[in-house]
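Working notes for the structure below.
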Amino acid sequence: MLDTIQMDLRSTNDQILSVYIDVEDNSLSRKWLAALNQLIQNQHHLEKNYCWLGWATSDRDPKYICTQINRSIHAVNTRLLYTCQHN
C-alpha cells in the first residue's frame, strides 16, 4: 500500500464521519495521489462525488449508495483491463 487518506464528512448537525481510502501502489494510484496532493496544495475546492449527496435527507440511504458503488466497481471490472478488489 502506498498511502491511506482520511476524509472527514460532516453532517448538518456537525457530526463527523471519517472515511479511509487505502491507496494501492501502482501507476494509476500514484498519478491519482499526485493529482490529489496538487489540488490540495493549490487549495482547490474538492467536490463531493454524487453518491455522497443527499445522505441525510433523500432516498440515498446506505443500501442505495452501496448498490451504486458496486455497480461502478462492476462496470470498471467488466469494461476495463483492471480489477477493483472490494469486500
**Asked** Got Ser18 and Tyr20 here, is their nearest side-chain heavy-atom distance under 4.5 Å?
**Response**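 With C-beta onward as the side chain, the pair touches.
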**Prompt:** Are Val23 and Thr4 close enough that some pair of their side-chain heavy atoms sits under 4.5 Å apart?
**Reply:**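 Counting from C-beta outward, Val23 and Thr4 never come under 4.5 Å.
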**Prompt:** Do Ser29 and Glu24 have side-chain atoms, one donor and one acceptor, less than 3.5 Å apart?
**Reply:**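 No.
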**Asked** With no hydrogens and no angle check, do the side chains of Asn70 and Gln68 hold a donor and an acceptor under 3.5 Å apart?
**Response**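 No.
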**Prompt:** How long is the gap from NE2 on His74 to OG1 on Thr67, to the nearest 0.5 Å?
**Reply:**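 Separation between the atoms: 13.5 Å.
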**Message:** For the CG atom of Asn37 and the CG atom of Asp3, what is their distance to the nearest 0.5 Å?
**Reply:**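 So the CG of Asn37 and the CG of Asp3 are separated by 7.5 Å.
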**Request:** Apply side-chain contact (heavy atoms from CB on, under 4.5 Å) to the pair Ile5 and Leu36, showing each step before the final yes or no.
**Result:** CA-CA 10 Å; Ile5 296 170; Leu36 177 64; 3.5 Å; yes
**Message:** What verdict does the side-chain contact (heavy atoms from CB on, under 4.5 Å) test give for Asp25 and Met1, after you've listed the backbone C-alpha separation in whole Å, the side-chain angles of each residue and the deciding distance to 0.1 Å?
**Reply:** CA-CA 5 Å; Asp25 190 7; Met1 182 173 352; over 6 Å; no
**Item:** Joint cluster assignment, Ile40 & Leu33, ILVMFWY side-chain distance < 4.5 Å
**Value:**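 Shared cluster, yes.
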